[in-house]
Amino acid sequence: GESVGLHLPTLSVQEGDNSIINCAYSNSASDYFIWYKQESGKGPQFIIDIRSNMDKRQGQRVTVLLNKTVKHLSLQIAATQPGDSAVYFCAEKRGYSTLTFGKGTMLLVSP
Amino acid sequence: DGGITQSPKYLFRKEGQNVTLSCEQNLNHDAMYWYRQDPGQGLRLIYYSQIVNDFQKGDIAEGYSVSREKKESFPLTVTSAQKNPTAFYLCASSNPGTSGGPTGELFFGEGSRLTVL
């Protein structure tokens, strides 16, 4: 597969644990945020998004938290499974700008 | 099924050659994008197009060229001027997000891996 995970921050968890992946974003004026999951050798897949008028949004087994005061975004994955192992990217944008991606975090889930 | 198709998945190039990566989408999206991904780094925007016959440079456009003659197609040419072209290239498309901006959720292809020999 593709070596997109080299030199990335890595989070290692046991199957069944809850995972929290953090992201510090750069632009205090950003109004839209999104999390992507990228498995080895594949393109990124949408997980969940959130707008700046919210501080929390829940999906299936995932929750995104937004703290605009400290420009921090987090992705919480409940009951982590081996299939959740991947690189996770946050991205931000403001208005008509294009998305700006973070460097990513590798999540490793042990059975 | 609707989606984005990139080809080829793997491509080898000799130094000094131009190569073209194909990207086709049948999602009827207006906007299309090309990103470059290097190990340990995030996605960096090369070019994007919000409408047919129009495109804009992204953050790392030098050594690349694109065209947008059809809504469903956005090929990327990696020219000999690109000094370090070995990378994983991702194409994406989107429709305007509900926030009113031109980029809502991006839908990605499976990528093309270019290696310069």
Side-chain angles (χ1 to χ4, degrees), chain A residues 1-10 21-27 29-54 57 59 62 64 66 73 86-106, chain B residues 3-7 9-10 21 23 25 27 30-51 55-61 86-115:
Chain A
E2 301 301 331
S3 300
V4 298
L6 290 179
H7 312 301
L8 288 174
T10 300
I21 300 171
N22 296 305
C23 176
Y25 63 92
S26 58
N27 188 347
S30 291
D31 57 14
Y32 177 76
F33 306 87
I34 192 167
W35 281 98
Y36 282 92
K37 171 187 180 183
Q38 186 178 27
E39 297 176 356
S40 183
K42 297 186 176 182
Q45 294 177 295
F46 170 85
I47 302 174
I48 193 167
D49 59 2
I50 189 169
R51 304 199 184 280
S52 58
N53 61 351
M54 303 172 68
R57 191 166 186 222
V62 295
V64 55
L66 175 62
L73 194 66
V87 176
Y88 289 81
F89 292 98
C90 66
E92 61 178 300
K93 82 172 187 73
R94 172 179 178 266
Y96 282 82
S97 72
T98 56
L99 280 171
T100 299
F101 285 82
K103 294 190 185 303
T105 296
M106 175 173 280
Chain B
I4 299 178
T5 301
Q6 289 187 238
S7 63
K9 188 170 178 63
Y10 297 97
L21 307 180
C23 179
Q25 56 101 356
L27 299 168
D30 292 316
M32 296 186 74
Y33 311 79
W34 275 105
Y35 287 88
R36 170 179 171 140
Q37 187 173 35
D38 294 283
Q41 297 199 31
L43 281 64
R44 293 185 289 169
L45 183 63
I46 304 172
Y47 268 99
Y48 65 103
S49 167
Q50 297 181 23
I51 197 169
F55 49 83
Q56 289 80 40
K57 292 182 179 180
D59 301 319
I60 55 166
T86 294
F88 190 52
Y89 291 88
L90 286 159
C91 179
S93 70
S94 74
N95 265 340
T98 55
S99 67
T103 56
E105 173 191 348
L106 296 182
F107 293 81
F108 285 89
E110 292 293 280
S112 293
R113 176 75 186 178
L114 172 63
T115 302

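Order of the sequence lines fixes the chain letters, A, B, ..., with proteins taken first and strands second; residue numbering starts at 1 for each chain.
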Determine, step by step, whether A/Leu99 and B/Tyr48 satisfy the side chain to side chain contact (heavy atoms under 4.5 Å, CB included) criterion, reporting the C-alpha distance in whole Å, the side-chain angles of both residues, the deciding distance to 0.1 Å, and the verdict. CA-CA 11 Å; A/Leu99 280 171; B/Tyr48 65 103; over 6 Å; no

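In plain terms, the two heavy atoms of B/Glu105 and A/Tyr32 that are nearest each other are N-OH, 3.8 Å. The two residues A/Gln38 and B/Leu90 make their nearest non-hydrogen contact at NE2-CD1, 3.9 Å.
Both the backbone and the side chain of B/Leu43 come within contact range of chain A, with heavy atoms under 4.5 Å apart.
Checked against side chain to side chain donor-acceptor pair (under 3.5 Å), B/Ser93 has the following partners two or more places apart in sequence or in another chain: B/His29. In this view, A/Asn22 and A/His72 satisfy the side chain to side chain donor-acceptor pair (under 3.5 Å) rule, not counting sequence neighbours.
For CZ of A/Arg94, the number of neighbouring non-hydrogen atoms (other residues, nucleotides, ligands) closer than 6.0 Å is 12 at most.
Put simply, of A/Pro44, A/Gly43, A/Gly102, the one with the most heavy-atom pairs under 4.5 Å next to chain B is A/Pro44.
To the nearest 0.5 Å, the span separating CG on B/Leu106 from OG1 on A/Thr98 amounts to 9.0 Å.
Exactly one of A/Phe89, A/Phe46, A/Tyr36 qualifies for a ring pair (Phe, Tyr, Trp, His ring centres under 6.0 Å) with B/Phe108. That residue is A/Tyr36.
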